[in-house]
Asks: 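Can you keep this structure in mind? I'll have questions shortly.
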Protein chains: 2
Amino acid sequence: MNLQISIQPNLKLALRDPEASTLGRKIIREGIVLMCNLGYEQFTFKKLAESIDSTEASIYRYFENKHRLLLYFLTWYWNYVEYQCTVSLHNLNDPEIKIRKIIEILTGGLPNWADTTGIDKSALQDIVIAESSKAYLTKEVDAINSQQLFKPYKDLCHHIATVFAEYNPAYPYPHSLASTLMEAAQFQPYFMEHLPALTDFKGEQRNKTAVAGYLENLVFAALRK
Amino acid sequence: MNLQISIQPNLKLALRDPEASTLGRKIIREGIVLMCNLGYEQFTFKKLAESIDSTEASIYRYFENKHRLLLYFLTWYWNYVEYQCTVSLHNLNDPEIKIRKIIEILTGGLPNWADTTGIDKSALQDIVIAESSKAYLTKEVDAINSQQLFKPYKDLCHHIATVFAEYNPAYPYPHSLASTLMEAAQFQPYFMEHLPALTDFKGEQRNKTAVAGYLENLVFAALRK
DNA sequence: CAAATTTGAAAGTAATACTATGATAACATA
DNA sequence: TATGTTATCATAGTATTACTTTCAAATTTG
């Protein structure tokens, strides 16, 4: 059996569906690698055009600007995480185990399991860690939000909050705890690598397991009945 | 008695001390208001020059680029918060009360108490909320860090972690909890305003007290002995 | 095969992020 | 008060970014 899953970000994000053409797919796949390497600020459509042997104008036919392309990447990622959560939690009843699973998914990097997409998940995860905040920390946030473009992120947050409520229905802040968890799962590994003074993870344990330990401790403490 | 406090960001941040001249002080004071209004991306030295009736070139004699200016603003802010914590915690013995005070300071906005600086603290706080992450989420992070330019932020984090350790010496993640707290104290009010689905704070309670309640609950739960 | 669509190639524009230079104003010292 | 120093202004200039436009060639689709 070959499970074909297709992760399709909101169509409003792109001017035309990039998964429907060779050029479009190259924009996404090379774009992820290039943005990961250069960082959002240094990344330009011109550089991407060069690296895929195409032109700036052609890329502009797919995406209005690089902020939309970033949103497309992030949407892809959050849809993928949501999908992973849905699959992983499917047969589980115990909310405690569900929460552990969620934290594992959020911190664990994406398994390349069943990957037929050709998307470099590890590069994508690096983009999510380093550039996510730039998606919403902009003066355009309200305009973007009113187009529902943050829906996958909000849906995942709500999904997690629902599991928290299942674990402890009396806890008053499930959504805030979920968004704090999602943010911390990005920031703590980044701090661990670049600003270790902001964490308690020492050099030798530079692995995601340590972060997961901290987050589990935090979440279960907060939710304790 | 007139307490004169002077908050001086790291000198390496500026090419010449902006507090030592009229123009320099205008760059800081108007710069804060303008960056708050336009957001980091739309803010330019040219626009700032126009709004203070000076020239781009003159501003470049004070700051290498706008990222340094942002760092200067943030450093000012974190030094100020550190100072406030030092003063507020001075006569307190009970670590529980200290923690409540810290959360109040982190979420409460800056009182304009004893203000002789002419700096718009409320605009500065908006910059901290919306633009802080852009200070370190850049490919230059390691270079900047090696110049000690994140020291005030790291010092405050360590200060808070120390109070956590005082409250519960056995807690294994005081620094990560401190950085998570500092980040959440910025993000939750931002989410409350722009992406309320990521929080549990409803429209009518759009005040910082609600966020403080969530953060106290979270921190004390994590630190529970 | 014809028509429609996509892409490439090239050029152009406005704004950004600087750098350079010479003139003038302010200021400090002798 | 004269003189040297430094800060600021005014202007101009460069390279890059973030796009837009146009037209021809290639490709896809009906």
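Proteins get letters first, then strands, A, B, ... in listed order; numbering begins at 1 in each. Computation of the quantities below employed the complete heavy-atom set of this structure, encompassing side-chain atoms and omitting hydrogens, waters and symmetry-equivalent molecules.
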Asks: For B/H159, which residues count as a ring-ring contact (aromatic ring centres under 6.0 Å, His included) partner, sequence neighbours excluded?
Replies: none
Asks: Under 4.0 Å, heavy atom to any atom of DNA chain C: which of residues 132-143 of chain A qualify?
Replies: none
Asks: Using a 4.0 Å cut-off to any heavy atom of chain A, which nucleotides of DNA chain C are the first and last in contact, reading 5' to 3'?
Replies: C/dT6 to C/dA10
Asks: Given D/dC9, is OP1 or OP2 found less than 4.0 Å from the side-chain N or O atoms of B/S58?
Replies: yes
Asks: Quick one: salt bridge (charged side-chain N to carboxylate O under 4.0 Å, His left out) partners of A/K154, sequence neighbours excluded?
Replies: none
Asks: B/F164: what forms a ring-ring contact (aromatic ring centres under 6.0 Å, His included) with it, not counting sequence neighbours?
Replies: none
Asks: Give B/Y62 one of three labels, base, sugar-phosphate or nothing, depending on what nucleic acid heavy atoms sit under 4.0 Å from its own.
Replies: sugar-phosphate
Asks: Quick one: ring-ring contact (aromatic ring centres under 6.0 Å, His included) partners of B/Y190, sequence neighbours excluded?
Replies: B/H194
Asks: If the sugar-phosphate is the primed atoms plus P, OP1 and OP2 and the base is the rest, what is the B/S/- string for nucleotides 18-24 of chain D, using protein heavy atoms under 4.0 Å?
Replies: BBBBB--
Asks: Looking at residues at least two apart in the chain, or sitting in another chain, which of them share a side-chain contact (heavy atoms from CB on, under 4.5 Å) with A/N37?
Replies: A/V33
Asks: Applying salt bridge (Lys or Arg N to Asp or Glu O under 4.0 Å), which residue pairs with at least one partner in residues 31-40 of chain B are found, sequence neighbours left out?
Replies: none
Asks: Taking side-chain contact (heavy atoms from CB on, under 4.5 Å) as the definition, give me every residue that meets it alongside A/E50, ordered by chain and number, with sequence neighbours left out.
Replies: A/K46
Asks: Which atoms of nucleotides 28-30 of chain D (N or O only) lie under 3.5 Å from a protein N or O atom, and what are those distances?
Replies:
none

Asks: For B/E41, what residues pass the salt bridge (charged side-chain N to carboxylate O under 4.0 Å, His left out) criterion, not counting sequence neighbours?
Replies: B/K134
